[in-house]
A.B. asks: 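Dropping the structure in here first, questions after.
For clarity, every value in this text was computed on a predicted model and none was experimentally measured. Values below: all heavy atoms of this structure, side chains included; hydrogens, waters and symmetry mates excluded. To find a chain, count down the sequence lines: A is the first, B the second, and so on, and within it residues start at 1.
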Amino acid sequence: MDIWQAGDVRIATWNVNSVGARLPRLLAWLEEVAPDVVALQETKCADSAFPHLPISALGYEVAHNGDGRWNGVAIASRVGLSDVSTDLPGHPEARYVSATCGPLRATSVYVPNGRAVDDPQYPYKLGWLAELRATLDARAVAQPMVMMGDFNVALHDEDVFDIAAFAGSTHVTEPERAGLQALIDWGLVDVRARPGKGDRAFTYWDYRAGMFHKDLGMRIDYVLATPSVVVSDAYVDREARKGKLPSDHAPIVVDAEI
DNA sequence: ATGTCATCTTAGAGATGA
(Lines give C-alpha, C1' and ligand atoms only; values in the text may rest on other atoms or scores of the structure.)
Protein backbone atom coordinates (compact mmCIF):
# COMPACT_ATOMS: atom_id res chain seq x y z
CA MET A 1 0.00 0.00 0.00
CA ASP A 2 1.34 3.38 -0.98
CA ILE A 3 0.26 5.77 1.73
CA TRP A 4 2.55 8.57 0.64
CA GLN A 5 0.96 11.77 -0.59
CA ALA A 6 2.80 14.38 -2.58
CA GLY A 7 4.53 16.85 -0.31
CA ASP A 8 7.07 16.90 2.44
CA VAL A 9 8.90 13.89 3.71
CA ARG A 10 11.18 13.58 6.74
CA ILE A 11 14.21 11.34 6.25
CA ALA A 12 16.78 10.38 8.86
CA THR A 13 19.81 8.19 9.47
CA TRP A 14 21.24 6.99 12.76
CA ASN A 15 23.99 4.60 13.75
CA VAL A 16 22.40 3.36 16.98
CA ASN A 17 25.31 1.14 18.13
CA SER A 18 23.06 -1.79 19.06
CA VAL A 19 19.32 -1.56 18.54
CA GLY A 20 18.84 -3.70 21.63
CA ALA A 21 20.84 -1.47 23.94
CA ARG A 22 19.30 1.63 22.36
CA LEU A 23 15.69 0.50 22.11
CA PRO A 24 14.20 2.78 24.79
CA ARG A 25 15.97 5.79 23.31
CA LEU A 26 15.14 4.77 19.75
CA LEU A 27 11.44 4.44 20.49
CA ALA A 28 11.32 7.79 22.26
CA TRP A 29 13.24 9.38 19.40
CA LEU A 30 10.93 7.92 16.76
CA GLU A 31 7.94 9.33 18.61
CA GLU A 32 9.52 12.74 19.00
CA VAL A 33 11.16 13.20 15.60
CA ALA A 34 8.69 11.06 13.64
CA PRO A 35 10.72 10.50 10.49
CA ASP A 36 8.87 8.98 7.55
CA VAL A 37 11.90 6.97 6.52
CA VAL A 38 14.84 6.20 8.79
CA ALA A 39 18.01 4.26 8.08
CA LEU A 40 19.65 2.52 11.03
CA GLN A 41 23.15 1.10 11.30
CA GLU A 42 24.99 -1.15 13.73
CA THR A 43 21.85 -2.83 14.95
CA LYS A 44 24.11 -5.65 16.14
CA CYS A 45 21.44 -8.31 16.09
CA ALA A 46 20.23 -11.19 13.97
CA ASP A 47 17.08 -10.72 11.92
CA SER A 48 15.20 -12.93 14.39
CA ALA A 49 16.23 -10.68 17.29
CA PHE A 50 15.21 -7.35 15.75
CA PRO A 51 12.56 -5.62 17.89
CA HIS A 52 9.90 -5.46 15.18
CA LEU A 53 6.95 -5.34 17.57
CA PRO A 54 7.50 -2.02 19.37
CA ILE A 55 8.69 -0.31 16.19
CA SER A 56 5.76 -1.52 14.13
CA ALA A 57 3.52 -0.29 16.95
CA LEU A 58 4.71 3.21 16.04
CA GLY A 59 3.53 2.69 12.47
CA TYR A 60 6.74 1.53 10.81
CA GLU A 61 7.47 -1.31 8.49
CA VAL A 62 11.06 -2.49 8.79
CA ALA A 63 13.53 -4.19 6.49
CA HIS A 64 16.47 -5.48 8.52
CA ASN A 65 19.70 -7.12 7.41
CA GLY A 66 21.53 -8.49 10.43
CA ASP A 67 24.05 -11.21 11.04
CA GLY A 68 24.27 -11.23 14.79
CA ARG A 69 27.01 -9.77 16.86
CA TRP A 70 28.40 -7.17 14.48
CA ASN A 71 27.09 -4.83 11.79
CA GLY A 72 23.39 -4.90 10.96
CA VAL A 73 21.43 -2.28 9.00
CA ALA A 74 17.75 -1.47 8.67
CA ILE A 75 15.26 0.79 6.98
CA ALA A 76 12.08 1.71 8.80
CA SER A 77 9.31 3.41 6.86
CA ARG A 78 5.81 4.60 7.56
CA VAL A 79 5.19 5.52 3.91
CA GLY A 80 5.37 2.00 2.52
CA LEU A 81 8.20 -0.51 2.12
CA SER A 82 8.77 -2.78 -0.86
CA ASP A 83 11.38 -4.28 -3.19
CA VAL A 84 13.88 -4.91 -0.40
CA SER A 85 17.42 -5.82 -1.37
CA THR A 86 20.17 -6.84 1.03
CA ASP A 87 22.59 -7.97 -1.64
CA LEU A 88 25.81 -6.12 -2.22
CA PRO A 89 27.53 -8.48 -4.65
CA GLY A 90 30.63 -10.15 -3.26
CA HIS A 91 30.16 -8.60 0.19
CA PRO A 92 27.97 -10.82 2.35
CA GLU A 93 28.41 -8.94 5.64
CA ALA A 94 25.21 -7.27 6.85
CA ARG A 95 26.10 -3.71 5.86
CA TYR A 96 23.62 -2.91 3.10
CA VAL A 97 19.85 -2.76 2.73
CA SER A 98 17.82 -0.94 0.12
CA ALA A 99 14.07 -0.53 -0.26
CA THR A 100 11.42 1.52 -1.97
CA CYS A 101 9.62 3.74 0.52
CA GLY A 102 6.74 5.66 -1.03
CA PRO A 103 8.29 8.07 -3.51
CA LEU A 104 11.87 7.18 -2.67
CA ARG A 105 14.45 4.53 -3.10
CA ALA A 106 16.25 4.44 0.26
CA THR A 107 19.50 2.69 1.08
CA SER A 108 21.08 2.22 4.51
CA VAL A 109 24.81 1.49 4.57
CA TYR A 110 27.40 0.71 7.19
CA VAL A 111 30.72 1.05 5.41
CA PRO A 112 33.56 -1.05 6.88
CA ASN A 113 35.73 0.84 9.36
CA GLY A 114 39.05 -0.07 7.78
CA ARG A 115 40.83 -0.18 11.13
CA ALA A 116 44.30 0.87 9.88
CA VAL A 117 45.85 1.57 6.51
CA ASP A 118 48.08 -1.52 6.78
CA ASP A 119 45.21 -3.77 7.86
CA PRO A 120 43.46 -6.08 5.36
CA GLN A 121 40.26 -4.30 6.36
CA TYR A 122 41.48 -1.16 4.61
CA PRO A 123 41.51 -2.50 1.03
CA TYR A 124 38.31 -4.35 1.93
CA LYS A 125 36.74 -0.99 2.78
CA LEU A 126 37.86 0.52 -0.53
CA GLY A 127 36.46 -2.46 -2.43
CA TRP A 128 33.21 -2.16 -0.53
CA LEU A 129 32.85 1.49 -1.51
CA ALA A 130 33.59 0.61 -5.15
CA GLU A 131 30.89 -2.05 -5.10
CA LEU A 132 28.47 0.46 -3.62
CA ARG A 133 29.21 2.79 -6.52
CA ALA A 134 28.52 -0.09 -8.91
CA THR A 135 24.99 -0.38 -7.48
CA LEU A 136 24.43 3.23 -8.53
CA ASP A 137 25.68 2.63 -12.04
CA ALA A 138 22.75 0.25 -12.54
CA ARG A 139 20.28 3.02 -11.68
CA ALA A 140 18.88 6.18 -13.21
CA VAL A 141 19.72 9.41 -11.42
CA ALA A 142 16.25 10.69 -12.26
CA GLN A 143 14.58 8.36 -9.76
CA PRO A 144 14.44 9.96 -6.31
CA MET A 145 16.91 8.22 -4.03
CA VAL A 146 18.64 8.67 -0.72
CA MET A 147 21.72 6.68 0.21
CA MET A 148 22.52 7.25 3.83
CA GLY A 149 24.33 5.87 6.81
CA ASP A 150 27.72 5.54 8.42
CA PHE A 151 30.31 5.84 5.67
CA ASN A 152 33.32 5.86 8.01
CA VAL A 153 34.96 8.53 5.86
CA ALA A 154 35.51 12.22 6.60
CA LEU A 155 35.22 13.79 3.18
CA HIS A 156 37.12 17.01 3.91
CA ASP A 157 39.74 18.06 6.42
CA GLU A 158 37.13 20.22 8.15
CA ASP A 159 35.06 17.10 8.79
CA VAL A 160 37.30 16.11 11.68
CA PHE A 161 38.09 18.13 14.81
CA ASP A 162 41.80 18.37 13.98
CA ILE A 163 43.20 16.95 10.77
CA ALA A 164 46.67 16.81 12.32
CA ALA A 165 45.41 14.30 14.87
CA PHE A 166 44.49 11.95 12.01
CA ALA A 167 47.89 11.75 10.35
CA GLY A 168 48.36 8.18 9.19
CA SER A 169 44.84 7.18 10.21
CA THR A 170 41.98 5.77 8.25
CA HIS A 171 38.81 7.78 7.53
CA VAL A 172 40.75 10.71 6.02
CA THR A 173 42.97 9.09 3.38
CA GLU A 174 42.71 10.11 -0.23
CA PRO A 175 41.54 6.69 -1.50
CA GLU A 176 38.74 6.56 1.09
CA ARG A 177 37.64 10.07 0.21
CA ALA A 178 37.75 9.17 -3.48
CA GLY A 179 35.52 6.19 -2.77
CA LEU A 180 32.92 8.41 -1.12
CA GLN A 181 33.32 11.17 -3.70
CA ALA A 182 32.63 8.63 -6.46
CA LEU A 183 29.15 8.12 -5.02
CA ILE A 184 28.55 11.87 -5.07
CA ASP A 185 29.98 12.18 -8.57
CA TRP A 186 27.41 9.69 -9.85
CA GLY A 187 24.85 12.41 -9.20
CA LEU A 188 24.12 12.55 -5.49
CA VAL A 189 24.12 15.64 -3.31
CA ASP A 190 25.97 15.63 0.01
CA VAL A 191 23.15 17.03 2.14
CA ARG A 192 25.06 19.05 4.69
CA ALA A 193 23.31 19.35 8.02
CA ARG A 194 23.27 22.78 9.61
CA PRO A 195 25.60 23.13 12.57
CA GLY A 196 24.26 22.70 16.04
CA LYS A 197 25.93 24.23 19.04
CA GLY A 198 29.44 23.99 17.61
CA ASP A 199 30.54 25.39 14.29
CA ARG A 200 30.81 22.03 12.57
CA ALA A 201 28.07 19.46 12.05
CA PHE A 202 29.86 16.42 13.40
CA THR A 203 27.88 13.20 13.60
CA TYR A 204 30.20 11.02 15.70
CA TRP A 205 32.15 11.53 18.90
CA ASP A 206 34.23 8.84 20.57
CA TYR A 207 32.83 7.71 23.91
CA ARG A 208 36.20 8.20 25.59
CA ALA A 209 37.99 11.17 27.02
CA GLY A 210 35.00 13.50 27.06
CA MET A 211 35.21 13.92 23.33
CA PHE A 212 31.54 14.82 22.93
CA HIS A 213 31.60 17.54 25.55
CA LYS A 214 34.72 19.03 23.97
CA ASP A 215 33.05 18.71 20.55
CA LEU A 216 35.99 16.68 19.26
CA GLY A 217 34.00 14.82 16.66
CA MET A 218 33.89 13.69 13.07
CA ARG A 219 31.43 13.96 10.20
CA ILE A 220 31.30 10.37 8.99
CA ASP A 221 27.55 9.89 8.59
CA TYR A 222 25.96 11.23 5.42
CA VAL A 223 22.70 11.66 3.61
CA LEU A 224 23.38 11.51 -0.12
CA ALA A 225 20.34 12.39 -2.22
CA THR A 226 19.42 12.76 -5.85
CA PRO A 227 18.66 16.37 -6.86
CA SER A 228 14.95 15.54 -7.12
CA VAL A 229 14.95 15.33 -3.33
CA VAL A 230 14.59 19.04 -2.61
CA VAL A 231 15.89 19.70 0.89
CA SER A 232 14.25 22.37 3.04
CA ASP A 233 16.17 21.64 6.26
CA ALA A 234 18.83 19.26 7.57
CA TYR A 235 20.24 19.07 11.07
CA VAL A 236 22.27 16.86 13.36
CA ASP A 237 20.19 15.85 16.37
CA ARG A 238 22.80 16.40 19.07
CA GLU A 239 20.21 15.87 21.78
CA ALA A 240 20.25 12.18 20.92
CA ARG A 241 23.97 12.03 21.76
CA LYS A 242 23.43 13.45 25.25
CA GLY A 243 22.33 11.89 28.49
CA LYS A 244 22.49 8.33 29.69
CA LEU A 245 23.69 5.51 27.43
CA PRO A 246 23.65 7.30 24.09
CA SER A 247 24.95 5.90 20.84
CA ASP A 248 28.33 7.37 19.89
CA HIS A 249 26.65 8.73 16.73
CA ALA A 250 23.95 11.39 16.45
CA PRO A 251 21.15 11.16 13.89
CA ILE A 252 20.90 13.37 10.82
CA VAL A 253 17.36 14.55 10.12
CA VAL A 254 16.39 15.90 6.69
CA ASP A 255 13.14 17.54 5.64
CA ALA A 256 12.57 17.46 1.92
CA GLU A 257 10.04 17.57 -0.84
CA ILE A 258 10.11 15.01 -3.60
C1' DA B 1 43.46 12.06 22.72
C1' DT B 2 41.85 7.09 24.37
C1' DG B 3 39.30 8.38 30.42
C1' DT B 4 33.82 4.00 26.90
C1' DC B 5 30.60 0.99 25.41
C1' DA B 6 28.41 -3.43 23.57
C1' DT B 7 28.68 -8.24 22.76
C1' DC B 8 30.07 -12.98 23.32
C1' DT B 9 32.04 -16.67 25.89
C1' DT B 10 30.53 -19.15 29.55
C1' DA B 11 29.94 -17.88 35.13
C1' DG B 12 33.20 -13.23 35.96
C1' DA B 13 36.72 -11.29 33.66
C1' DG B 14 38.82 -11.20 29.17
C1' DA B 15 38.70 -10.70 24.03
C1' DT B 16 37.15 -8.11 20.23
C1' DG B 17 35.60 -4.25 17.61
C1' DA B 18 34.64 0.52 17.14
Side-chain angles (χ1 to χ4, degrees), chain A residues 13-29 39-51 54-55 64-74 91-96 108-129 148-155 157-173 176-177 179-180 198 200 202-222 236-252:
Chain A
T13 184
W14 191 11
N15 180 325
V16 291
N17 186 18
S18 170
V19 73
R22 219 63 60 213
L23 190 59
R25 290 189 71 126
L26 175 61
L27 295 174
W29 181 84
L40 304 175
Q41 300 86 37
E42 282 205 87
T43 57
K44 292 185 173 177
C45 67
D47 289 333
S48 58
F50 189 89
I55 294 176
H64 179 249
N65 178 18
D67 56 13
R69 184 176 185 179
W70 307 117
N71 313 317
V73 288
H91 297 79
E93 284 187 319
R95 297 177 176 275
Y96 174 91
S108 176
V109 300
Y110 176 46
V111 176
N113 176 286
R115 296 185 192 165
V117 290
D118 60 354
D119 190 293
Q121 280 287 315
Y122 178 75
Y124 175 73
K125 178 182 192 174
L126 298 179
W128 204 95
L129 283 165
M148 51 191 167
D150 178 357
F151 288 78
N152 271 315
V153 176
L155 191 56
D157 287 358
E158 314 82 72
D159 293 326
V160 297
F161 64 88
D162 176 9
I163 190 61
F166 287 81
S169 299
T170 59
H171 293 61
V172 298
T173 69
E176 288 166 281
R177 287 174 169 176
L180 176 54
R200 287 188 271 189
F202 297 138
T203 62
Y204 162 85
W205 301 260
D206 196 293
Y207 281 127
R208 294 166 290 187
M211 301 282 269
F212 177 65
H213 298 287
K214 299 179 206 164
D215 199 29
L216 302 181
M218 306 170 73
R219 188 175 80 104
I220 54 176
D221 301 84
Y222 296 81
V236 177
D237 187 359
R238 288 176 58 97
E239 296 305 311
R241 181 63 178 79
K242 298 179 181 174
K244 280 216 176 283
L245 293 177
S247 169
D248 43 3
H249 294 251
I252 302 169

A.B. asks: What contact category does A:Leu216 fall into here, base, sugar-phosphate, or nothing, at under 4.0 angstrom with non-hydrogen atoms?
C.D. replies: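 Base contact.
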A.B. asks: Quick check for you: to the nearest 0.5 Å, what is the distance between A:Phe202 atom CZ and A:Leu216 atom CG?
C.D. replies: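 A:Phe202 CZ to A:Leu216 CG: 8.0 Å, rounded to 0.5 Å.
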A.B. asks: Just to be sure I understand the rule, does A:Tyr204 reach a base, reach only the sugar-phosphate, or reach nothing, if contact means heavy atoms closer than 4.0 Å?
C.D. replies: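 The answer is nothing, as A:Tyr204 stays clear of every strand by at least 4.0 Å.
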A.B. asks: Measure the distance from CZ on A:Arg115 to P on B:dT2 and round it to the nearest whole Å.
C.D. replies: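 Distance, rounded to whole Å: 21 Å.
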A.B. asks: One thing to verify: whether A:Arg177 and A:Asp157 come together as a salt bridge, which I'm taking to mean a side-chain N less than 4.0 angstrom from a carboxylate O.
C.D. replies: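 Yes, this pair counts.
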A.B. asks: Which sits closer to the 5' end of DNA chain B, A:Ala21 or A:Asn152, going by the nucleotide each is nearest to?
C.D. replies: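 So the residue in question is A:Ala21.
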A.B. asks: Any side-chain heavy atom of A:Thr13 within less than 4.5 Å of one from A:Tyr222?
C.D. replies: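 Not in contact.
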A.B. asks: Does A:Asn113 reach a base, just sugar-phosphate, or nothing at all? Heavy atoms under 4.0 Å.
C.D. replies: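 Counting heavy atoms under 4.0 Å across all strands, the contact made by A:Asn113 is with sugar-phosphate only.
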A.B. asks: Looking only at side-chain atoms of A:Lys214, point me to the closest of B:dT2, B:dA15, B:dG3.
C.D. replies: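 The nucleotide sitting nearest to the side chain is B:dG3.
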A.B. asks: Could you tell me the separation between the CD atom of A:Gln121 and the P atom of B:dA18, rounded to a whole number of Å?
C.D. replies: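 The distance from CD of A:Gln121 to P of B:dA18 comes to 6 Å, rounded to the nearest Å.
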A.B. asks: Using atom CD of A:Glu42 as one end and atom P of B:dA6 as the other, report the distance to the nearest whole Å.
C.D. replies: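 Rounding to the nearest Å, CD of A:Glu42 and P of B:dA6 are 12 Å apart.
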A.B. asks: Spell out, as yes or no, whether a donor-acceptor pair under 3.5 Å connects the side chain of A:Arg69 to the backbone of A:Cys45.
C.D. replies: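 Absent.
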A.B. asks: Output the single nucleotide from B:dA1, B:dT4, B:dG17 whose closest atom is nearest the side chain of A:Ala165.
C.D. replies: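 Comparing B:dA1, B:dT4, B:dG17 against the side chain of A:Ala165, the answer is B:dA1.
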A.B. asks: Send over the distance from A:Gln41 CD to B:dA6 P, rounded to a whole Å.
C.D. replies: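 Atom-to-atom, A:Gln41 to B:dA6, this comes out as 17 Å.
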A.B. asks: Between P on B:dA1 and CG on A:Asp162, what's the gap in Å once rounded to a whole number?
C.D. replies: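 After rounding, the gap between these two atoms is 8 Å.
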A.B. asks: Mind calculating the distance between OH (A:Tyr207) and P (B:dC5) to the nearest angstrom?
C.D. replies: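 Result: 7 Å.
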A.B. asks: If only side-chain N and O atoms of A:Ser18 are considered, is one of them under 4.0 Å from the OP1 or OP2 phosphate oxygen of B:dC5?
C.D. replies: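 No, outside the criterion.
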A.B. asks: Measure CZ/A:Arg25 against P/B:dA6 and give the value in whole Å, please.
C.D. replies: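 The answer, rounded to whole Å, is 10 Å.
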A.B. asks: Quick check for you: among B:dA18, B:dT2, B:dC5, whose closest atom lies nearest to any side-chain atom of A:Leu245?
C.D. replies: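 Comparing B:dA18, B:dT2, B:dC5 against the side chain of A:Leu245, the answer is B:dC5.
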A.B. asks: Taking the same atom, C1', in B:dG17 and in B:dT2, what whole-Å distance lies between them?
C.D. replies: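 Each nucleotide's C1' atom is 15 Å from the other's.
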A.B. asks: Rounded to the Å, how far apart are A:Arg69 CZ and B:dC8 C1'?
C.D. replies: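 Computing the A:Arg69:CZ to B:dC8:C1' distance gives 4 Å.
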A.B. asks: When you compare B:dT7 with B:dG12, how far apart are their C1' atoms, in angstrom units rounded to a whole number?
C.D. replies: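 That atom pair is separated by 15 Å.
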A.B. asks: With DNA chain B as reference, determine whether A:Asp206 or A:Gly114 sits nearer its 5' end, using the nearest nucleotide of each.
C.D. replies: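 Nearest nucleotide further toward 5': that of A:Asp206.
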A.B. asks: Would you give the length of the straight line joining atom CG of A:Asn113 to atom CG of A:Asn71, rounded to the nearest 0.5 angstrom?
C.D. replies: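 These two atoms lie 10.5 Å from each other.
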A.B. asks: Go through B:dG3, B:dT16, B:dA1 for me and flag the one nearest to the A:Arg208 side chain.
C.D. replies: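 It is B:dG3.
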A.B. asks: Please walk me through it: do A:Glu158 and A:Arg200 pass salt bridge (Lys or Arg N to Asp or Glu O under 4.0 Å)?
C.D. replies: CA-CA 8 Å; A:Glu158 314 82 72; A:Arg200 287 188 271 189; over 6 Å; no
A.B. asks: Heavy atoms under 4.0 Å, any strand shown: does A:Ala209 hit a base, just sugar-phosphate, or nothing?
C.D. replies: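 Since a base atom lies under 4.0 Å of A:Ala209, the category is base.
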A.B. asks: Considering only the C1' atoms, how many Å lie between B:dT16 and B:dT10, rounded to the nearest integer?
C.D. replies: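 Looking at atom C1' only, B:dT16 and B:dT10 are 16 Å apart.
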